[in-house]
Amino acid sequence: MVKTNELTTVAEMLANFPQFVKTGENTVLCSIHGEYTQTTYQNGRTTNCPACERERKEQRITEENKKLKEAEKERKSRRIDELLGNSGIPKRFQDKTLDNYKSNSQKQKEIINNVEKFLNEFKAPQGHSGRCLTMIGKAGTGKTHLACAVASHVIKHYGGTARFSSVSEINRLVRESKSYNAKYSETEVIEAFGNYDLLIVDEVGIQSGSDAESRALFDVINARYQNMNPTIFISNLNKDQLKAALGERIYDRIKEGGGVILGFDWDSYRGKQ
Ligand SMILES: Nc1ncnc2c1ncn2[C@@H]1O[C@H](COP(=O)(O)OP(=O)(O)OP(=O)(O)O)[C@@H](O)[C@H]1O
Ligand SMILES: [Mg+2]
Ligand SMILES: [Zn+2]
């Protein structure tokens, strides 16, 4: 009884507002969704096609989400820039492209093919698969050239973020983050490395880090693995030595999900130019 009384009161209240008082219902045709019942209110307001309204609402939500995502990406990339500076691509390699890499042999052509496939994944609708690309082999064969070419392309043509780094730089930044006056925490450094659309880790196996240091590399690679962000590894080591240098857990991740290891075993290009 109490409830009925309350409802009556609400209905009576609404009757005082012309925008809530229905004056008619008509069947109207939406050019997209067909017939619907249009309600007219006392103040002259009429309702729109409910399907159109729903689509508009969904579109508004999608757009708002997109804006939020972009703002978040922007905030993250500003934070990363602050922390790690620009792409880190060395000056010597800034104008390297896949086109200015000369591939004369069949092996080089296959490698270019593989590198192009890896690069093309960045523009796939579903994004990059996150698989790794590993380049191992002799000095001067163009490993750093090709990796930098991919990074420049991602930045210039796909609007992505890419960072050229090395095992020793990652170790150093993580080590520095642990000092008492560090500007950034270890977690922030790992997160920053983990968030680039592409990370290049050059000079794998040049120095053997302490256990704690190889932990740092593992944490970075694992963060990227979880974010499904791809990494390019470069080394002069052979596969067995690479496995020993990286440790089994990282080595497993570089081969996962279609990760390839490309061998560069021809003579150095240096001095040939
Ligand atoms: N096939 C090629 N076509 C054009 N330039 C090349 C080619 N191979 C190498 N180069 C050039 O030779 C130089 C050495 O190449 P790069 O530094 O990429 O070799 P690398 O394999 O990384 O060697 P390292 O293992 O010593 O670091 C660079 O200037 C690079 O642009
Ligand atoms: Mg190199
Ligand atoms: Zn409609």
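Remember, it's 1-based here, ligands and their atoms both numbered in the order they're listed. In this text the structure is predicted, and so the values were computed from the model without any measurement. Positions are given from 1 along the sequence.
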Indicate yes or no: does Glu176 engage Arg172 in a salt bridge with an N to O separation below 4.0 Å.
yes
Hey, is Lys96 touching ligand 1 through its side chain, its backbone, both or neither, going by heavy atoms under 4.0 Å?
side chain
Tell me the contacting part of Phe93 for ligand 1: side chain, backbone, both, or neither, using a 4.0 Å heavy-atom threshold, strictly below.
side chain
Are any of the heavy atoms in Glu203 under 4.0 Å away from ligand 1?
no
For residues Phe233 and Met135, determine if any side-chain heavy atom of one lies less than 4.5 Å from a side-chain heavy atom of the other.
no
Ignoring angles and geometry beyond distance, decide whether Gly140 reaches within less than 3.5 Å of ligand 1 through its nitrogen or oxygen atoms.
yes
Out of Lys138, Lys107, Lys143, which residue meets the salt bridge (Lys or Arg N to Asp or Glu O under 4.0 Å) rule with Asp265?
Lys107
Does Thr231 reach the side chain of Phe193, with side-chain heavy atoms less than 4.5 Å apart?
no
Just so I know, are the side chains of Asn113 and Glu116 near enough to count as touching, which here means a heavy-atom distance under 4.5 Å?
yes
Listing by chain and number, which protein N, O or S atoms are under 2.8 Å from the Zn ion (ligand 3)?
Cys30 SG, His33 ND1, Cys49 SG, Cys52 SG
If you define the side chain from C-beta out and look only at heavy atoms, does anything of Ser177 sit under 4.5 Å from Glu188?
no
Are the side chains of Asn26 and Thr46 in contact, using a 4.5 Å heavy-atom criterion?
no
Sub-4.0 Å heavy-atom contact, Asp202 with ligand 1
no
Does Tyr101 reach ligand 1, in the sense of a heavy atom lying below 4.0 Å from it?
yes
Please identify each residue that fulfils ring pair (Phe, Tyr, Trp, His ring centres under 6.0 Å) with His145, with sequence neighbours left out.
Tyr101
Can you confirm, on distance only, whether ligand 1 has an N/O atom lying under 3.5 Å from any N/O atom belonging to Ser103?
no
For Arg92 and ligand 1, does the shortest N/O to N/O distance drop below 3.5 Å?
no
I need the atoms of ligand 1 closer than 4.0 Å to a non-hydrogen atom of Gln108, numbered in the order shown.
1 (N)
When you compare ligand 1 with Gly137, is there at least one nitrogen or oxygen pair between them that comes in under 3.5 angstrom?
no
With atoms numbered from 1 as shown, which atoms in ligand 1 lie under 4.0 angstrom from a non-hydrogen atom of Asn236?
25 (O)
For the NE2 atom of His128 and the NZ atom of Lys123, what is their distance to the nearest 0.5 Å?
12.0 Å
Neighbour count above 12 (heavy atom, 6.0 Å) for Arg249 CZ
no
Given Arg270, His145, Lys143, which has its nearest heavy atom closest to atom 17 (O) of ligand 1?
Arg270
So that I can tick it off, tell me whether Glu53 and Arg56 are bridged by a salt bridge, with the cut-off set at under 4.0 angstrom between side-chain N and carboxylate O.
yes
